[in-house]
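Report on one structure; see the data block that follows.
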Number of protein chains: 2
Amino acid sequence: MKTAPRISDTEWELMRVVWARSPATAANIIATLTARDPSWHPKTARTLLARLVQKKALGYQPQGRAYAYIPLVSEADCVAAASESFVERVFGGSFRPMLAHLVERQHLTPQDLDELRILLDKKAPGAPKPQKKRPVP
Amino acid sequence: MKTAPRISDTEWELMRVVWARSPATAANIIATLTARDPSWHPKTARTLLARLVQKKALGYQPQGRAYAYIPLVSEADCVAAASESFVERVFGGSFRPMLAHLVERQHLTPQDLDELRILLDKKAPGAPKPQKKRPVP
DNA sequence: ACGTCAAGACTACAAATGTAGTTTATGCCA
DNA sequence: TGGCATAAACTACATTTGTAGTCTTGACGT
């Protein structure tokens with residue numbers, strides 16, 4: 001898959017639907033969208049689909065008289081790119097302040113916090129709180 | 001302070017400088033900016049400053065023949081707003097997947113991870129590794 | 001067979017954004 | 001004291017984004 005193109009705010013909503021339900025026709029996608037948020041206008045959604053195809057974020061296969069859209073970029077790649085650009089923009093590129101902000105000021109539920117602890121332990125077990133450095137034996 | 005207006009990508013760079021050095025004149029700010037990245041054009045920066053004033057993200061006090069800019073919105077508020085909108089856009093509003101992405105796929109250094117553990121412990125001590133949760137009795 | 005309805009293609013248009021240039025006033029140095 | 005350097009004000013313009021409308025064509029039901 002190609003590297004993630006720039007995906008705008010509203011385009012992200014479309015992409016998330018396609019990632020979840022690909023291959024999906026415009027009608028499918030629009031149905032999903034309007035189910036969640038009735039303010040979605042079909043024409044708007046179609047325009048955005050066309051733009052995403054232009055940007056090569058989506059491709060399609062003819063399916064009957066309609067198109068079945070498929071992602072050309074992986075969700076993981078796009079998420080990674082968006083995260084990096086977010087951290088760059090808001091925290092000048094350093095992750096540490098972002099983590100601090102998240103844990104301290106954002107409304108994480110206790111469950112979120114527990115989950116995070118579990119993720120951390122899975123990621124790097126056996127290092128609970130290496131506060132102090134000890135002399136190498 | 002007012003609630004955070006929508007601050008664009010490049011505007012963020014200006015804002016971060018002002019938050020760090022406020023009150024600062026345009027010349028100050030531009031100097032800081034170009035020091036970091038010589039591709040900054042002074043006129044561009046001034047335009048953005050004007051726009052940030054329009055948006056009421058910045059205010060100013062005359063200082064000699066120039067302006068000394070000051071933030072009208074707090075960095076914490078803007079960071080919070082940007083974080084929320086980021087999570088909304090990329091993760092459909094749920095923090096959990098974002099945390100997972102960060103810990104698992106983003107390049108956090110071991111130091112970042114340790115720091116995060118410490119933050120977590122500070123935030124909610126006494127819950128070191130609640131691996132398995134039971135339904136509340 | 002024909003009309004209708006829907007799918008995609010093309011067009012529209014205002015606001016926001018990125019990037020600068022032009023104009024006008026003015027404080028300060030020579 | 002006169003002109004230059006500079007600050008802010010105003011103007012410019014292409015691109016991206018959000019939001020839709022019109023046009024063209026073909027499949028499908030009656």
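Residue numbering restarts at 1 for every chain, and letters A, B, ... go by the order of the sequence lines.
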Any base atoms under 4.0 Å from A/Ala26, or only sugar-phosphate, or nothing? Heavy atoms, all strands.
sugar-phosphate
Would you indicate, yes or no, if D/dA9 has its OP1 or OP2 atom less than 4.0 angstrom from a side-chain nitrogen or oxygen of B/Tyr67?
yes
Side chain of B/Ala66: nearest nucleotide among D/dG18, C/dG18, D/dA7?
D/dA7
Quick one, B/Met98 and A/Leu102 - any side-chain contact, counting heavy atoms below 4.5 Å?
yes
Do the non-hydrogen side-chain atoms of B/Arg105 and A/Val79 ever get within less than 4.5 Å of each other?
no
Round to the nearest Å and state the distance from B/Leu33 atom CG to C/dT19 atom C1'.
14 Å
Between the protein and nucleotides 20-26 of chain D, which nitrogen or oxygen pairs come in under 3.5 angstrom?
from, atom 1, to, atom 2, distance (Å)
D/dA20, OP2, A/Thr44, OG1, 2.9
D/dA20, N7, A/Thr47, OG1, 3.1
D/dA20, N6, A/Thr47, OG1, 2.6
D/dG21, OP2, A/His41, NE2, 3.2
D/dT22, O4, A/Lys43, NZ, 2.8

Rounded to the Å, how far apart are B/Asn28 CG and D/dA8 P?
11 Å
Answer yes or no: is there an ion pair linking B/Arg51 with B/Glu11, defined by an N-O contact shorter than 4.0 Å?
no
Using whole Å, report how far CD1 of B/Ile29 lies from P of D/dA8.
9 Å
Take atom CD1 of B/Ile30 and atom P of C/dT19, then tell me their distance rounded to the nearest Å.
15 Å
Is any side-chain nitrogen or oxygen of A/Ser8 closer than 4.0 Å to OP1 or OP2 of D/dG18?
yes
Counting C-beta onward and ignoring hydrogens, is there a side-chain heavy-atom pair between B/Leu49 and B/Leu58 closer than 4.5 Å?
yes
Between C1' of D/dG18 and CD1 of A/Ile7, the distance in whole Å:
16 Å
Over 60° means perpendicular and under 30° means parallel, so tell me whether A/Phe86 and B/Phe86 are parallel, tilted or perpendicular.
parallel
Would you please confirm or rule out a distance under 4.0 Å between OP1 or OP2 of C/dA7 and any side-chain N or O of A/Tyr60?
no
Identify which nucleotide among D/dG18, C/dG18, C/dA7 has an atom closest to any side-chain atom of A/Arg46, counting heavy atoms from C-beta outward.
C/dA7
Which label fits A/Tyr60 and A/Tyr67: parallel for a plane angle under 30°, tilted from 30 to 60°, or perpendicular past 60°?
parallel
Between A/Leu120 and B/Arg117 the two heavy atoms that sit nearest each other are O-NH1, 3.6 Å
Atom pair distance, as rounded to whole Å: CH2 in A/Trp12 and P in D/dT17
14 Å
N/O (side chain, A/Lys55) to phosphate O (OP1/OP2, D/dT17) under 4.0 Å
yes
Distance check needed: D/dT15 C1' versus A/Glu11 CD, whole Å only.
13 Å
Starting at CD of A/Gln54 and ending at P of D/dT17, how long is that distance when rounded to a whole Å?
11 Å
